[in-house]
Amino acid sequence: MKPIYEKTIGMTEAELSYCPGCGHGIAHKLIMDVLDKKGLLGDTIGVSPIGCSVIAHQYMNVEMCEAAHGRAPAVATGIKRVHPDKFVYTYQGDGDLASIGTTEIVHAAVRAENICVFFINNAIYGMTGGQMAPTTLIGQRATTAVLGRDAVRNGRPIHVSEMLATIEGAAYVERVSIDSPAAIRKTRKAIERVVEVQQRKLGLAFLEILSTCPTNWGVTAPEAMSWLRENMIPYYPLGVLKRPEGI
Amino acid sequence: MTRKVLMKGNEAFGEAAIRAGCRFYVGYPITPQNELVEYMSRELPEHGGTFIQSESELATINIAYGIGVAGGDCLISSSSPGIALMQEGFSFACMAEVPIVILNVSRSGPGIGGIQPGQSDYFQMTRGGGNGDYRIPVFTPATMQEAVNTIYGSFEIANRYRNPVSIMVDGMMGQMMEPVVLPEAKAPLAEERIAAEKPWALVGRGTKPTRNVIKAYAPNTTILETQVLRLFKKYESMEAELPEAVLTDVEDAEMVFVAYGSAARIVAEVMTILKERGIRTGLIRPKTVWPFPNGAFDRLGERTKIVVSVELSMGQMIDDIERAVRGRYPVRLINRAGGIIPTSEEISRIAEEMIGAYR
């Protein structure tokens, strides 16, 4: 009998400790499966962030290190300069990348570092317990904005992909989602493209993945998928913002 | 016959690193170490190396950490306020056990302070600034030759302990010119040799049975305490193996100066002046300030009446001296702050008055 689905060897045997309905598991598996299918697992070095996915290395079956909060693109820069032919990526949440780490992601793009950045945007601080992130939507409740984010008091959410797309060294920028099977299939294709950008050494490849945090959003796992679709996608439109020729 | 060359300090520091086989340098402009950043931008590519001008000192230390985890030998440099920005990364690199060589060409603080040479970073360098229980060796050379030799040897020390190693010189040493004998050029560690030389480094798991993961986070208290205790075994070895001091005339001295770096060079002149005035002086010159050369103070004898710390700060090393002296002698301070370099005559006059009270 031919199997129709198999667990990728890009993921370890460890049981995921993320909350039910959290998007990290889907994103981890997609990235690792693409690297597996491309035969890159043995030549990959990953960088995990601060946040829930600091422990990504327990699940992603490749050589990895942890980075200080927000600094993963700087760390990946160093790794890639030592091993220019290895596949090097960072995996970062929105607190890590869009708040404390804005300088590092911007300048890794300015230097056109040949790295891939997977940016998991769930519009909230997860690990620390639901504080407002720079990506939190207007009106969205957070433990540091209990009545909902207010534009006057808190400012408006940041569009990281659009900002990075203005930088010449960012070769590829796309925003995708994991809210449905169709969206997951599209995300997989996008991951294949960003991996190819690095293999062809075209510059920084950036993939924003809209994701869920049912625990801190205060909704159930299925509700989280709908919430993402109905609230996040209208504010953070999906699509390719920038792609080099031939990708 | 080995040839001496006349070089500016900052450039000689860079050349020493290149000759040690270092092929990775990350830096950000800050006075008084800019000539080093410029030197590396010119020279490293000529040697097949990588020069990165980072966007900040935060990025500098984290790019260096990336180079370190990947097995590269990396030098970073900055000056006092820039070092302050890096210190989160120092703590991180100690926990993750990543070798990096750090050079502080110090100025005077606090705050932006001034660009004139100072030694007010003693606590910053020896006591941390980063969070948690960690230690980083601090070398304090006093001549250009010693600085060159120290930097040359520091990569081996960092790799041996899998820990950052720092060298603290002040702006005077960075800016002045002095003849040096440059050490023999070593071959850099080739990328394909990293896995064999540094089996812990990240090179991609290839066909290895187990993959390398480098962590600075401990998910529970038992894991964290175990790691901290392991680190402190290493720091104990450093304390046994690394302390070094140069002792001059201490056995016979009634007044023993303690000074490092540029201050020690002034004190050497002070000793000649005071000798002419009939005062027997000695000098303990620490070449490492962490680990502090406590043993050197056991060489002082019954003739010693007073120990004097000479510092270009409000007195920071004096705390370590008090600990090393353990109440056996009175310990006093002669100092200037703000980047002012005292003259040998100024120090001699104060020292003469001081010893009068103890004779």
Side-chain angles (χ1 to χ4, degrees), chain A residues 9-10 12 17 35 39-51 53-88 90 100-111 113 115 127, chain B residues 23-26 49-74 76 86 88-93 95-96 98 100 130-131 189-192 194-195 198 200-208 210-219:
Chain A
I9 58 162
T12 64
S17 58
L35 295 180
L40 287 172
L41 291 174
D43 292 313
T44 292
I45 303 168
V47 184
S48 70
I50 300 300
S53 53
V54 62
I55 52 167
H57 52 72
Q58 291 181 14
Y59 315 121
M60 295 174 158
N61 202 2
V62 291
E63 296 218 323
M64 285 187 86
C65 70
E66 293 166 358
H69 204 13
R71 319 290 175 228
V75 175
T77 295
I79 295 170
K80 187 71 179 182
R81 296 300 186 97
V82 178
H83 301 297
D85 296 321
K86 302 290 178 186
F87 179 78
V88 178
T90 72
I100 196 168
T102 44
T103 313
E104 283 75 16
I105 184 60
V106 164
H107 287 276
V110 168
R111 290 190 304 267
E113 297 293 342
I115 58 172
M127 192 195 209
Chain B
R23 289 296 179 272
F24 296 94
Y25 170 87
V26 193
T50 299
F51 165 84
I52 302 175
Q53 181 170 330
S54 68
E55 65 271 26
S56 70
E57 288 89 349
L58 273 178
T60 297
I61 181 64
N62 285 287
I63 294 171
Y65 167 78
I67 290 166
V69 300
D73 290 325
C74 183
I76 59 175
M86 292 178 178
E88 170 201 38
F90 295 175
S91 159
F92 207 93
M95 175 70 172
V98 176
I100 299 167
N131 58 299
L189 176 59
E191 191 196 345
E192 55 276 14
I194 289 174
K198 302 183 180 184
W200 49 266
L202 304 186
V203 297
R205 80 175 190 209
T207 51
K208 284 184 286 191
T210 53
R211 65 198 172 103
N212 289 341
V213 175
I214 293 180
K215 293 179 267 196
Y217 168 62

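Proteins get letters first, then strands, A, B, ... in listed order; numbering begins at 1 in each.
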*Would you mind checking which part of A:Ala68 comes under 4.5 Å of any heavy atom in chain B, side chain (CB onward), backbone (N, CA, C, O), both or neither?*
both
*Side chain, backbone, both or neither: which part of B:Ala201 has a non-hydrogen atom closer than 4.5 Å to chain A?*
backbone
*Let me know if A:Ile55 has heavy atoms under 4.5 Å from chain B in its side chain, its backbone, both or neither.*
side chain
*In Å and rounded to the nearest 0.5 Å, what is the CZ to NZ distance from B:Phe92 to B:Lys215?*
12.5 Å
*Side chain from CB out, backbone as N, CA, C, O: work out which of these in A:Ala72 comes under 4.5 Å of a heavy atom of chain B, or both, or neither.*
neither
*Tell me, out of A:Ile50, A:Val62, A:Val54, A:Thr77, who's got the most heavy-atom pairs with chain B below 4.5 Å.*
A:Val62
*Below 4.0 angstrom, N of the basic side chain to O of the carboxylate: do B:Lys208 and A:Glu63 qualify?*
yes
_Is B:Tyr217 in contact with chain A via its backbone, its side chain, both, or neither, using a 4.5 Å heavy-atom distance?_
both
*Counting heavy-atom pairs under 4.5 Å to chain A, which of B:Ile194, B:Asn212, B:Val213 comes out on top?*
B:Asn212
*Identify which part of A:Thr12 has an atom lying under 4.5 Å from any heavy atom of chain B, answering side chain, backbone, both or neither.*
side chain
*Measure distances from A:Thr103 to the heavy atoms of chain B and classify the residue's part below 4.5 Å as side chain, backbone, both or neither.*
both
*A:Arg81: what forms a side chain to side chain donor-acceptor pair (under 3.5 Å) with it, not counting sequence neighbours?*
A:Glu113
_Residue of the set A:Ile45, A:Leu35, A:Leu41, A:Ile115 for which side chain to side chain contact (heavy atoms under 4.5 Å, CB included) holds with A:Phe87_ = A:Leu35
*Can you tell me how far the CE atom of A:Met64 sits from the OG1 atom of A:Thr90, to the nearest 0.5 Å?*
9.0 Å
*asked:* What part of B:Val203 gets within 4.5 angstrom of chain A, counting heavy atoms only: side chain, backbone, both, or neither?
replied: both
Give the table of side-chain donor-acceptor pairs shorter than 3.5 Å for residues 65-73 of chain B, with sequence neighbours excluded, one pair per line with atom names and distance.
| residue | atom | partner | partner atom | Å |
| --- | --- | --- | --- | --- |
| B:Tyr65 | OH | A:Glu66 | O | 2.7 |
| B:Asp73 | OD1 | B:Asn159 | ND2 | 3.0 |
| B:Asp73 | OD1 | B:Lys198 | NZ | 2.8 |

*asked:* Less than 4.5 Å to any heavy atom of chain A: does that hold for the side chain of B:Ala216, its backbone, both, or neither?
replied: both
*How close do A:Glu104 and A:Ala74 get, heavy atom to heavy atom, and via which atoms?*
CG-CB, 4.1 Å
*Working to the nearest 0.5 Å, report the span between CD1 of B:Ile76 and CD1 of B:Ile61.*
3.5 Å
